[in-house]
Amino acid sequence: MITSSQCRAARALVEYSRQRLAISSGVSQEIIEMFERKLENAIHEDIEALQAALEEAGAVFIPDNDSGGIGVRLKFNRSDTKRIATLESEGGIVAHDDVP
């Protein structure tokens with residue numbers, strides 16, 4: 001389960017506003033703000049929904065382990081992101097992306 005700091009950092013990395021995260025996760029903006037500002041604990045289901053939406057947007061959450069503390073990074077590097085964007089804008093039949 002992600003922390004409030006990871007949520008803020010992931011949102012910044014994937015360039016999501018609270019409004020956009022609220023839409024993609026189904027969690028209200030107020031709950032997201034309270035969670036990120038550590039003013040109130042969110043319920044487990046809301047945190048899971050936030051994490052799933054951020055992971056779908058390209059965030060990877062790093063657990064606390066022997067090699068370092070918790071964190072967040074992007075799933076793809078800049079080069080991969082540019083190639084994917086180029087491929088996605090080529091047109092053609094709209095279908096589900098199977099990009100890992």
Side-chain angles (χ1 to χ4, degrees):
M1 193 159 61
I2 64 172
T3 66
S4 58
S5 299
Q6 283 179 303
C7 185
R8 280 192 319 272
R11 200 166 52 78
L13 284 172
V14 299
E15 299 178 0
Y16 267 22
S17 64
R18 282 192 184 118
Q19 180 181 15
R20 187 168 179 189
L21 180 56
I23 292 168
S24 66
S25 68
V27 177
S28 75
Q29 289 184 60
E30 293 79 20
I31 291 174
I32 295 169
E33 181 178 3
M34 298 294 273
F35 175 62
E36 288 184 346
R37 294 178 64 198
K38 301 179 185 179
L39 298 176
E40 189 175 305
N41 290 329
I43 62 172
H44 186 73
E45 291 80 14
D46 287 345
I47 297 172
E48 285 181 342
L50 293 172
Q51 181 172 349
L54 290 166
E55 287 174 339
E56 181 71 24
V60 175
F61 295 97
I62 303 165
D64 188 14
N65 58 32
D66 294 337
S67 63
I70 64 169
V72 62
R73 66 176 182 83
L74 289 175
K75 186 176 192 177
F76 302 110
N77 61 30
R78 282 190 198 277
S79 175
D80 290 341
T81 303
K82 283 183 180 180
R83 281 194 303 250
I84 291 168
T86 300
L87 292 172
E88 288 181 343
S89 65
E90 286 183 349
I93 299 171
V94 177
H96 177 71
D97 287 339
D98 289 333
V99 178

Partners meeting side chain to side chain donor-acceptor pair (under 3.5 Å) with N65 (sequence neighbours left out)
S67
V14 to A59 - nearest heavy-atom pair and separation:
CG1-N, 3.8 Å
Output the rest of the hydrophobic cluster of V60: all Ile, Leu, Val, Met, Phe, Trp and Tyr residues reachable through side-chain heavy-atom contacts under 4.5 Å, sorted by chain and number.
none
Under the side chain to side chain donor-acceptor pair (under 3.5 Å) rule, collect the residues that match up with E36, sequence neighbours excluded.
R11, R18
Linking I/L/V/M/F/W/Y whenever their side-chain heavy atoms sit closer than 4.5 Å, directly or via other members, would I62 and M1 fall into one cluster?
no
Nearest atoms (heavy-atom pairs only) where F35 meets S4:
O-CB, 2.9 Å
Which other residues end up in the same hydrophobic cluster as I23, if Ile, Leu, Val, Met, Phe, Trp and Tyr are linked when side-chain heavy atoms come under 4.5 Å apart?
none
For D64 and G68, which heavy atoms make the closest approach, and how far apart are they?
OD1-O, 3.3 Å
Cut-off 3.5 Å, no hydrogens considered: what does the side-chain donor-acceptor table look like for residues 41-50, sequence neighbours left out?
unit_1, atom_1, unit_2, atom_2, d
H44, NE2, E48, OE2, 2.6

Any side-chain heavy-atom pair of S5 and I70 under 4.5 Å:
no
Hey, could you give me the CD/OG1 distance between Q51 and T3, rounded to the nearest 0.5 Å?
10.0 Å
Show which side-chain atoms of residues 26-34 pair as donor or acceptor with protein atoms under 3.5 Å away, not counting sequence neighbours.
unit_1, atom_1, unit_2, atom_2, d
S28, OG, I31, N, 3.2
E33, OE2, R37, NH1, 3.2

